[in-house]
Amino acid sequence: MVMRPISDAAVERAAASIHQPRDPNTLSNYNAWRTKHTKADYEIDFDAKRLKGTIELTLERLAQGERKIILDTSYLDISGVAIAGLRAKYNLASSRTEPYGSPLTIEVEERHASDQQSELTVQIDVQTTNDCTALQWLTPAQTTNKKQPYMFSQCQAIHARSLLPCQDTPDVKSQYTFNIRSPLPVLASGLPTGARDFQPGKDGKPGTLLYTFNQPLPMPSYLFALASGDLACASVGPRSTVWTGPEELKDCQWEFEEDTEPFIQAAEKIVYPYAWTTYNVLVLPPSFPYGGMENPQYTFATPTVVSGDRQNVDVVAHELAHSWSGNLVSNASWEHFWLNEGWTVYLERRIQAEVHGNEQVRHFSAIIGWKALSDSIAQFGEDHEFTKLVVDLKGKDPDDAFSSIPYEKGSTFLWHLERLVGKDKWDRFIPHYFTEHKERSVDSYEFKSTLLAFFESDAAASEKLNELDWDTWFYKAGFPPKPDFDTTLADQCYELADKWQALNAGKSTDFEPKADDIKDFTANQSVVFLERIQTFSEPLSPSLVEQMGSTYAFSSSKNVELVSRFYTIGLQARDESVYNPAAELLGKVGRMKFVRPVFKGLMECDLELAKDTLKKNRDFYHPICRNMMQKMLERFEKGK
Ligand code: BES
Ligand code: ZN
């Protein structure tokens, strides 16, 4: 353990923070008590669609004389609380504080209040409810082989509190033990320590096994993850496996086996050795609302990454990069989310450049990112709070602030710093930053001070860093300065799009679309082509949309990145032939990145069809996605 001198200012800040923690999105008093270890003993009840059991928290006392432990909960049933095995008094707030849930206040009686005792163990008997926002339950009919039920969790940003009572803030890190009973195989965000202790079923229910996992590295609550269902696994590298349904296993293995280990080695070269022992991917059912989620040991991924062409493995590079940025060094609150996602996008692109041995792919990926940034800024408006790098989330729901902005403005900032100090020097800072803050949580001010301190003895770098307008980068809404992109890989896509634009404008041109136009394109180059078409002020004519779909086979592609963008173009063009296929896609894919634009386009074209689609697929969507669609619909109907 390295001892660091503590300044008076730091002591004052610490004292003040007891009353005003730096994370505004938790109701817990985490500056008075701090979770060190969490034990989750849960039984998965597929019939009742709930988890039931006991959560045991080991809490360190930080403030003397503090007689209350306040934990986050959201839509949980609490049936008993004990401290050190003795029944304790508690109160679960009867009304919710939106959007943060219902605080659970536990009284620390005199006998436990001795300041000599630095730790307390609290046991809470708990079950989840139907309103749980962190879990999706699928019936056998909703799975591909229709044989078994399925369940999975998604806790980021503040949904862990609807799965377990906890200090639901990324500013607190705990070790975890998972003891999970289920009739079906279980994965949890830890290292598996066994499956044993069979118990026969009662009342016609299937028997259960106890699946145990241990997470020795301290992690924030949002990385708590569980999945259970008819799961099989295959190797995709020396320290990696892929998990999915038995029927999908071969395809998933093929998709990831070539890149996983090279990605890990590239990341290790850029930062330092991988800390989590194994890196595995769980490919979920299609309702998984995100592209990927960096749960330790098991990245959770949408099946849309398995496109049969290895063209979407950048999601793996991204989630893997979180093993350093986010999972080892975590943002201290969602106001500093760019430290998680900006760093991760930055590393993801460095990994790609390393693996491909060229910088052009990095620029190309950043060009795609810049388009996503522009879309997000347009969606919020250029002056909006959520277009800042460091945002104010007091009283807000972090899910509402979610966009490409922290990803792209954040990675643009880091790239800017790389150029400012020079790549060689910056490359020495990367491992330093991730060593200095390993197993901790950081905010933007600590990032800044770590960087300034690292270059203190380097006059040239220091001067540049001190001259940098930090406040503008942190707090100015809207676009950051645009990097000077190498557009080599994008130019061919723009040129082809321009030809279509000319065709659409009826300009005399000798351009005749043929399948060969895109034969040398990677899928991402087709993405750039389609996105360019989307930016044209005049939508394509419906007949050109149909011609494009058939000539380039976009309408029959297995790659949803292409299909969804193509449908968006068709919807913009009011091409009625895509309305039904677009609605069908919405019944097959619940990844919000695709649902958002396609559902928006469909509402604008055919509101009744859009409403029907939501109604028909309500149970298919994850609660987070369903709520988003519901909100989109309400806003659309109000605005009409
Ligand atoms: N951690 C995020 C997903 C997330 C963020 C879930 C905030 C809930 C709240 C994950 O690492 C991510 O960024 N996923 C991207 C993948 C991509 C950038 C390659 C996604 O889901 O699209
Ligand atoms: Zn991410």
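Start at 1 and go down the list; that is how both ligands and their atoms are numbered. All values below were derived from every heavy atom in this structure, side-chain atoms included, with hydrogens, water molecules and symmetry-related copies excluded. The model shown is predicted, which means the values in this text are computed figures rather than measured ones.
- Note: W338 and F474 have tilted aromatic rings, judged against thresholds of 30 and 60 degrees for the angle between ring planes.
- Ligand 1 lies under 4.0 Å from heavy atoms of Q154, Q156, Y290, G291, G292, M293, E294, V315, H318, E319, H322, F337, E341, F402, Y407, R591.
- Residues passing the side-chain hydrogen bond (donor to acceptor under 3.5 Å, both in side chains) test with N331 are N340, sequence neighbours excluded.
- For S287, the side-chain hydrogen bond (donor to acceptor under 3.5 Å, both in side chains) partners at least two apart in sequence or on another chain are Q136.
- The residues E359 and R362 are annotated as salt-bridged, a charged nitrogen and a carboxylate oxygen being separated by less than 4.0 angstrom.
- Inclusion of E341 in the first shell of the Zn ion (ligand 2) is supported: an N, O or S atom falls under 2.8 Å.
- Relative orientation of the F434 and Y272 rings is perpendicular, given thresholds of 30° and 60° on the angle between their planes.
- For the pair NE2 of H322 and NE2 of H318, the angle whose vertex sits at the Zn ion (ligand 2) is 100° to 10 degrees.
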Output side-chain donor-acceptor pairs under 3.5 Å for residues 157-166, partner residues at least two apart or in another chain, one line each.
from : atom 1 : to   : atom 2 : distance (Å)
H159 : ND1    : T133 : OG1    : 2.8
H159 : NE2    : D399 : OD2    : 2.9
R161 : NE     : D168 : OD2    : 2.8
R161 : NH1    : N25  : O      : 3.2
R161 : NH1    : Y100 : O      : 3.0
R161 : NH2    : N25  : O      : 2.7
R161 : NH2    : D168 : O      : 3.0
S162 : OG     : T133 : N      : 3.2
S162 : OG     : T133 : OG1    : 3.4
S162 : OG     : A134 : N      : 3.3
S162 : OG     : H159 : O      : 3.2

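- No donor-acceptor distance shorter than 3.5 angstrom exists from the side chain of E261 to the backbone of F263, with no hydrogens or angles considered.
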